[in-house]
2 protein chains.
Amino acid sequence: MKKQDFIVQKELIQRLVRYKNILLKFKSMGLSKAFSDNLGDAAGVSSSLVRKDFSLAHLAVGNKRGGYPIDVLLQRLDALLGTQILQRIVIVGCGKIGTALMNYKGFANENVEVVAGFDNNPARINPAAAPIPILPVSQLAAFVKEQDIQVAVLAVPENAAAGILDQLAAAGVQGVLNFSPVQLKAGSSLFIQNINIAFEIENLFYYVRFNQRRAAAET
Amino acid sequence: MKKQDFIVQKELIQRLVRYKNILLKFKSMGLSKAFSDNLGDAAGVSSSLVRKDFSLAHLAVGNKRGGYPIDVLLQRLDALLGTQILQRIVIVGCGKIGTALMNYKGFANENVEVVAGFDNNPARINPAAAPIPILPVSQLAAFVKEQDIQVAVLAVPENAAAGILDQLAAAGVQGVLNFSPVQLKAGSSLFIQNINIAFEIENLFYYVRFNQRRAAAET
DNA sequence: TATATACTGTTCATATTGTCACATTAAATA
DNA sequence: TATTTAATGTGACAATATGAACAGTATATA
Ligand SMILES: NC(=O)c1ccc[n+]([C@@H]2O[C@H](COP(=O)([O-])OP(=O)(O)OC[C@H]3O[C@@H](n4cnc5c(N)ncnc54)[C@H](O)[C@@H]3O)[C@@H](O)[C@H]2O)c1
Ligand SMILES: NC(=O)c1ccc[n+]([C@@H]2O[C@H](COP(=O)([O-])OP(=O)(O)OC[C@H]3O[C@@H](n4cnc5c(N)ncnc54)[C@H](O)[C@@H]3O)[C@@H](O)[C@H]2O)c1
């Protein structure tokens, strides 16, 4: 397998995931063809970028006049992104955020399945809960190994995050989505995506104020 | 006010927010000085970038040997980011995610306060709830105008998102953090930050598979 | 069949972002 | 005080990402 078969550009992958989901929506609306123009609009990028992305990802199956056949594109995107396979995850920390995620119905659309939750609070533990059992965190490593879980969501308090991360890594987890407000660092074979909601809000406030100042300056 | 007083680089702002929070942690640990090296480590970036960022943001108050005085840096960051002012937000859609956010204690650290929730489900509405009332969405526009709310969180189902966004924009909201899985588009004086958790998970799976393929290819 | 049309795929130009290297300088040390 | 040291601040560069333009071509139309 050649190196070129891999796509490394981070933003590109994110856009491909977006395109895929937009195409699914188009399809569910009964469309069979998509244009770089529509796709760009829906994804919030320029049409050039859409075409460029498809080109880079070797997905360019467009028709010089009729646009892209949605089915073919979806099939290739699924193959590239691996989304035709069921993507099984666990959630560590079944508090406010963790519980919201466990009850989220939208994952099914993305072929993502939450197979278990883990917590260290005995009051939360319920191995019989259906469809998602909540297990003691002491069983985390064994479960992950046995079930060959590759991706986990981290929704524990900040001070517990690093410890759990170590356990996950040791047990073979290779991707972690972290909600705790520490910037966890990825290792060589461990990818981490940090989501910090409070930071996003602070960011928004900066832009809002920025815009106001600019408006004030322009008068 | 000169144009140069504004910082436009998107990533830069995000990093400044990160630096600020790391500095707060340093401070709470009793430190009084910070080095670009530590800061970079904690923020997951190179020390050069930290210094460059401070330089670009006109925050360079470092001491050629002793690093940066945390207090001065924090003060300037607060002034730049506007985080010394209480940042009041509302949450539209008090379902699973919305409720988790309303009950989140961590916002206080960031000087963010959730002042109200809004929903269209009568069963959820409770104007007397303390400390955060849940009001009918029909009162959203009036509330936002009266209270001069500039930033809102959108946690309603996908099909309701665009409609609520219009209402928010019309009422004067200028920043929106959107959790629904549509890529909402920003207007000239409306900033939107889309968070799509399912996409982040799909992303992680791609990287994990990518890494596995690379490992396989290298043997 | 010939022509017009409307879309893609790709090249080239531009903008953005991060790294490197090093001159500079405040503090520590002797 | 003179020297060493350890950090910053920044300009030059490299890498990356995006946008604009357009040649090429499959389809539609007459
Ligand atoms: N709730 C939010 O809206 C929100 C927003 C932004 C960030 N966060 C972050 O997400 C994380 C979770 O937040 P939350 O509001 O759900 O908190 P929470 O306190 O409601 O839930 C945390 C859960 O983790 C469990 N836990 C604690 N230590 C553990 C350990 N060592 N092993 C396993 N489980 C453990 C607790 O029992 C609890 O159930 C926190 O780091 C928080 O800062 C939350
Ligand atoms: N729960 C999750 O973990 C999760 C993860 C990713 C994305 N999301 C997205 O976040 C959004 C909210 O998800 P959720 O799980 O909290 O859903 P939810 O159904 O629990 O909550 C949605 C809330 O919005 C309210 N609502 C519906 N229409 C409204 C309207 N027009 N005006 C005001 N309120 C209205 C509902 O009454 C409900 O309380 C959805 O778009 C979902 O796709 C959720």
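Below, chain A is the first sequence line, B the second, and so on; all start at residue 1.
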Sub-3.5 Å donor-acceptor pair from the side chain of Asn103(B) to the main-chain atoms of Thr99(B), do we have one?
yes
What is the distance, to the nearest angstrom, from the [atom1] atom on [X] to the [atom2] atom on [N]?
X	N	atom1	atom2	value
Lys10(B)	dT17(C)	NZ	P	8 Å
Leu49(A)	dT14(C)	CG	P	19 Å
Leu56(B)	dG9(D)	CG	P	12 Å
Phe35(A)	dT5(C)	CZ	C1'	13 Å
Leu12(B)	dT16(C)	CG	P	13 Å
Glu11(A)	dG18(C)	CD	P	10 Å
Leu39(A)	dG9(C)	CG	C1'	15 Å

Where the side chain of Ser55(B) is concerned, which of dT18(D), dT10(D), dG18(C) is the nearest nucleotide?
dT10(D)
Pairs involving residues 67-81 of chain A, ordered by first then second residue, that meet side chain to side chain donor-acceptor pair (under 3.5 Å) (sequence neighbours left out)
Lys27(A)-Asp71(A), Asp78(A)-Thr83(A)
In B/S/- notation (B base, S sugar-phosphate only, - none; protein heavy atoms under 4.0 Å), nucleotides 21-30 of chain D written 5' to 3' is B--BBBBS--
On DNA chain C, compare the nucleotides closest to Gly62(A) and Arg15(B); which residue's is nearer the 5' end?
Gly62(A)
Give every donor-acceptor pair under 3.5 Å between a side-chain atom in residues 147-157 of chain A and any protein atom, sequence neighbours left out.
from	atom 1	to	atom 2	distance (Å)
Gln147(A)	OE1	Arg88(A)	NH2	2.8

Which part of the nucleic acid does Val61(A) contact within heavy-atom distance under 4.0 Å: base, sugar-phosphate only, or nothing?
sugar-phosphate
Can you find a donor-acceptor N/O pair under 3.5 angstrom joining the side chain of Lys52(B) to the base of dG9(D)?
no
Not counting sequence neighbours, which residues clear side-chain hydrogen bond (donor to acceptor under 3.5 Å, both in side chains) with Lys25(A)? List them please.
Glu158(B)
Test of understanding: with side-chain hydrogen bond (donor to acceptor under 3.5 Å, both in side chains), list the residues that count as partners of Gln193(A), not counting sequence neighbours.
none
I want to check one thing: is the phosphate of dG9(C), taken as OP1 and OP2, less than 4.0 Å away from some side-chain N or O of Tyr68(A)?
yes
Ignoring backbone atoms, test whether Ser46(A) places a side-chain nitrogen or oxygen under 4.0 Å from the OP1 or OP2 oxygen of dG19(D).
yes
Taking distance alone, no hydrogens or angles, what donor-acceptor pairs closer than 3.5 Å link side-chain atoms of residues 159-178 of chain B to residues at least two apart or in another chain?
from	atom 1	to	atom 2	distance (Å)
Asn178(B)	OD1	Ser180(B)	N	2.9
Asn178(B)	OD1	Ser180(B)	OG	3.0
Asn178(B)	ND2	Ser180(B)	O	3.2
Asn178(B)	ND2	Val182(B)	O	2.9
Asn178(B)	ND2	Asn194(B)	OD1	2.8

Just one of Arg18(B), Arg15(B), Lys20(B) clears the salt bridge (charged side-chain N to carboxylate O under 4.0 Å, His left out) bar with Glu202(A), so which one?
Lys20(B)
